[in-house]
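In what follows, a structure is listed as structure tokens, so that the remarks can point back to it.
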Amino acid sequence: MIQNLVIVESPAKAKTIEKFLGKEFVVKSSFGHIRDLSKKNLGIDIEKGFKPEYIVNDDKKKVVDDLRKSVAESETVWLASDEDREGEAIAWHLSEVLKLDKKKIKRIVFHEITKDAIQNAIKNPRGIDYNLVNAQQARRILDRLVGFELSPILWKKVKPALSAGRVQSVAVRLLVEREREVFAFSSSSFFKVVALFKGDTEIKAELSEKLLTLKEALDFIENCKTAIFTVSDVSKKPSKKTPAPPFTTSTLQQEASRKLNFSVSQTMTIAQKLYEAGHITYMRTDSVNLSDTAIDAAKKTIIEEFGEKYHNPRRFKTKSKGAQEAHEAIRPTYFDKQKITGSTGEQRLYDLIWKRTIASQMSDAQLEKTTVTINISTSTYKFIASGEVILFDGFLRVYLESTDDDSDESGKDLLPPMKAGQILTPKEITANERFTQRPPRYTEASLVKKLEELGIGRPSTYAPTISTIITRGYVLKEDREGIIRKYISILLKSGKITKEEKTEITGAEKAKLFPSDIGIVVNDFLVEYFKNILNYNFTATVEKDFDEIAEGKIEWAKMIEQFYRPFHKDVEKTLLESDYSKGERVLGTDPKTGKSVTVRIGRFGPIAQIGENDTEKNVKAQYASLLKGQLIETITLEEALSLFNLPRNLGLYEEKEVVIGIGRFGPYVRHASKFFSLKKEDNPITINLPRAIEIIEEGRKKEREKVIRVFEEESSLQLLNGRWGAYINYKGDNYKLPKGSDPQKLNYSDCIKIVNEQKPTNKKKKVSGKTKR
DNA sequence: CAGTGAGCGAGCTTCCGCTTGACTT
């Protein structure tokens with residue numbers, strides 16, 4: 001007989017809590033939600049007041065059975081899921097599914113996993129908050145209605161297997177609109193003037209005004225030839241810097257992206273490992289709060305490591321919309337552990353978390369900013385030199401938060417002492433043409449930041465949302481090469497002016513999110529017919545209603561009713577009235593044939609088309625796929641026409657034709673009826689024969705290396721080289737090698753053993769009820 | 001698989017949030 005059974009959401013949490021409680025407590029985990037709306041159909045009976053049909057998923061049956069056994073043996077069941085909407089619902093689902101006797105259950109909550117917090121919680125049990133549960137049901141039902149009514153419209157009107165939802169569709173919209181801002185942006189140029197003055201240390205000063213034209217710049221520089229430069233003012237201002245709050249999920253994702261180049265999902269996987277190893281607190285949180293225990297422990301470490309002067313305890317307030325604050329901020333569990341053992345990724349992420357948390361409890365940095373104004377005798381403009389001295393480093397000693405834009409130039413130098421009236425001699429003055437910046441494309445992390453600002457999505461869904469919009473093909477995560485841009489540079493040195501044209505690379509992108517054609521078409525369709533759902537404030541608006549449900553002010557079914565009736569009318573209207581949406585655009589006419597050139601989404605992606613099919617006259621349209629990076633919205637007539645130069649015959653190699661084309665898997669070179677894919681950097685329109693031969697040879701080499709060994713004993717058993725290293729192929733099935741085995745040393749019986757012991761890895765298996773995102 | 005298809009029709013796809021493995025050619 002168990003006296004007390006405690007149920008929490010996470011097994012790692014269960015392990016920790018068990019240590020804090022006495023022997024009379026057994027702690028188990030529900031592994032998150034234990035049941036959900038049926039997936040076979042809508043799972044909601046609309047006519048019966050939106051009655052939900054809940055089902056215990058197959059992969060949760062074991063968990064539920066196990067809990068059921070424990071419950072049968074226990075006197076009291078403590079439902080200790082998180083103190084937020086979802087957590088309350090989990091507690092309720094548990095009580096329903098496990099058919100818990102109301103007298104037997106106690107609902108407890110804590111925001112931090114500390115001994116005090118947990119013992120305190122045990123002393124203050126309450127009942128299940130049904131209002132909060134209903135708010136969760138409303139949230140769940142609304143999301144299901146939106147997702148399961150919108151997606152099928154897309155299957156009919158755009159393409160099968162597409163999806164739409166309250167969160168993902170808005171995420172895509174953000175990307176599409178940003179991309180359009182990028183298209184629409186026209187950059188203008190100006191001249192930035194910088195002077196270097198002689199001195200013990202060189203003084204760098206920037207002109208107070210941007211000069212807009214070349215003539216202005218030339219005139220100004222000309223005037224500088226004879227000018228006298230006098231220091232007119234030296235002003236010193238104290239300033240300070242304050243540390244950033246401890247990490248939440250989204251800020252951790254952002255900083256790990258900026259400082260460590262981790263993707264959002266990489267960060268979460270590594271954080272999960274750190275959490276399971278007991279190194280950090282829970283990694284899915286929207287709270288910046290630290291427990292008293294943590295604040296004390298940080299204090300101790302800071303004073304020991306850096307001294308009293310560096311310590312300044314702080315409490316931070318969460319600002320983000322819709323935060324539910326069921327957990328602490330993400331912090332090290334033990335501050336005295338400055339380093340941990342584990343993979344490099346784990347060590348680096350832990351280091352980041354350690355530093356960020358410690359810095360948040362440290363003193364402000366004290367700075368002194370100096371601004372020197374320099375008069376120019378021949379102009380009303382002034383040069384400004386600015387410098388910064390750190391008087392006391394404070395938290396900067398361990399950590400400084402990064403920013404998204406990397407254009408952090410000048411102004412941070414140390415300046416030599418100067419005083420008003422002092423005359424400065426220029427070493428050189430340059431006027432470089434600069435360009436206004438287009439808006440930046442989103443990275444995974446900056447998209448998460450934006451979604452959080454809008455109150456859309458939750459810490460547990462940021463990473464899955466990004467992978468959903470990528471796997472649906474709405475969005476591509478890509479690097480793009482920059483283009484070469486010319487700019488004018490004017491230099492005044494030793495009394496002589498030189499003007500030259502220089503070049504720079506601009507617009508290169510690394511791991512940025514780009515909307516695809518299908519993403520754009522789907523977005524435009526949804527924005528046209530479902531403005532309300534696609535509105536950036538939609539989530540915020542319904543969240544207000546959910547809050548009112550949680551407070552018991554309104555009834556959940558009424559709220560859903562009010563949302564659903566007009567929404568469903570729109571659904572029916574759209575199904576009836578909207579056209580099939582292919583995103584077609586007419587580019588113009590083909591000068592060769594006089595036929596019209598159009599681009600649209602075809603069965604296998606975006607295509608260009610010349611003319612129409614006419615079966616009576618036996619006229620066939622010509623088709624060509626768009627290249628990677630080309631969009632229906634922006635492709636020009638010329639670019640589209642050049643696609644029709646494919647397939648292109650480049651000539652002969654080994655007496656066989658070398659042909660370039662574009663297929664299902666992108667650009668290829670065909671030779672002797674074999675296909676090899678072109679590399680990312682190759683352009684099929686411009687590629688030449690020598691390069692094509694290189695690709696053919698490379699492909700042949702890979703093919704030769706593919707087979708490591710075929711066994712004489714049985715020809716159907718092969719050792720092959722794949723994308724992830726060596727593997728075994730036996731009668732068409734693949735088997736992975738045990739870790740650390742050397743493929744060169746495996747003999748026939750080793751391989752047979754592996755085949756018999758392992759399940760094949762390439763079996764297409766239908767995982768019932770499991771969401772693959 | 002290296003094309004953008006015929007005609008008919010059955011059967012399938014999908015949401016968000018809470019969790020962790022299982023698994024990847």
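Residue numbers start from 1 in every chain, and the chains themselves are labelled A, B, ... in the order their sequence lines are given, proteins ahead of strands.
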One thing to verify: whether A:Lys13 and A:Asp82 come together as a salt bridge, which I'm taking to mean a side-chain N less than 4.0 angstrom from a carboxylate O.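 So A:Asp82 pairs with A:Lys13 through a salt bridge.
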Under-3.5 Å donor-acceptor pair between [X] side chain and [N] base:
| X | N | answer |
| --- | --- | --- |
| A:Ser30 | B:dT19 | no |
| A:Arg140 | B:dC15 | yes |
| A:Arg139 | B:dC16 | yes |

If you look at every strand shown and take non-hydrogen atoms under 4.0 Å, does [X] touch a base, only sugar-phosphate, or nothing?
| X | result |
| --- | --- |
| A:Gly605 | nothing |
| A:Gln168 | sugar-phosphate |
| A:Arg670 | nothing |
| A:Val167 | sugar-phosphate |

Quick one: stems for DNA chain B, with Watson-Crick or G-U pairs under 3.5 Å, at least three in a row?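 Stem list for DNA chain B: empty.
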Test of understanding: with salt bridge (Lys or Arg N to Asp or Glu O under 4.0 Å), list the residues that count as partners of A:Arg670, not counting sequence neighbours.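 Per chain and number, A:Arg670 pairs via salt bridge (Lys or Arg N to Asp or Glu O under 4.0 Å) with no residue.
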I want to confirm an ordering. Mapping A:Tyr275 and A:Lys40 to their closest nucleotides on DNA chain B, which one lands closer to the 5' end? A:Lys40
Considering heavy-atom distances to DNA chain B, does A:Gly87 or A:Phe676 have its closest nucleotide positioned more toward the 5' end? A:Phe676
Integer-rounded Å distance: B:dC18 C1' and A:Asp36 CG: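 So the two atoms are 10 Å apart, to the nearest Å.
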Which nucleotide in the list B:dC16, B:dT4, B:dT14 gets nearest to the side chain of A:Ser151?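 It is B:dT14.
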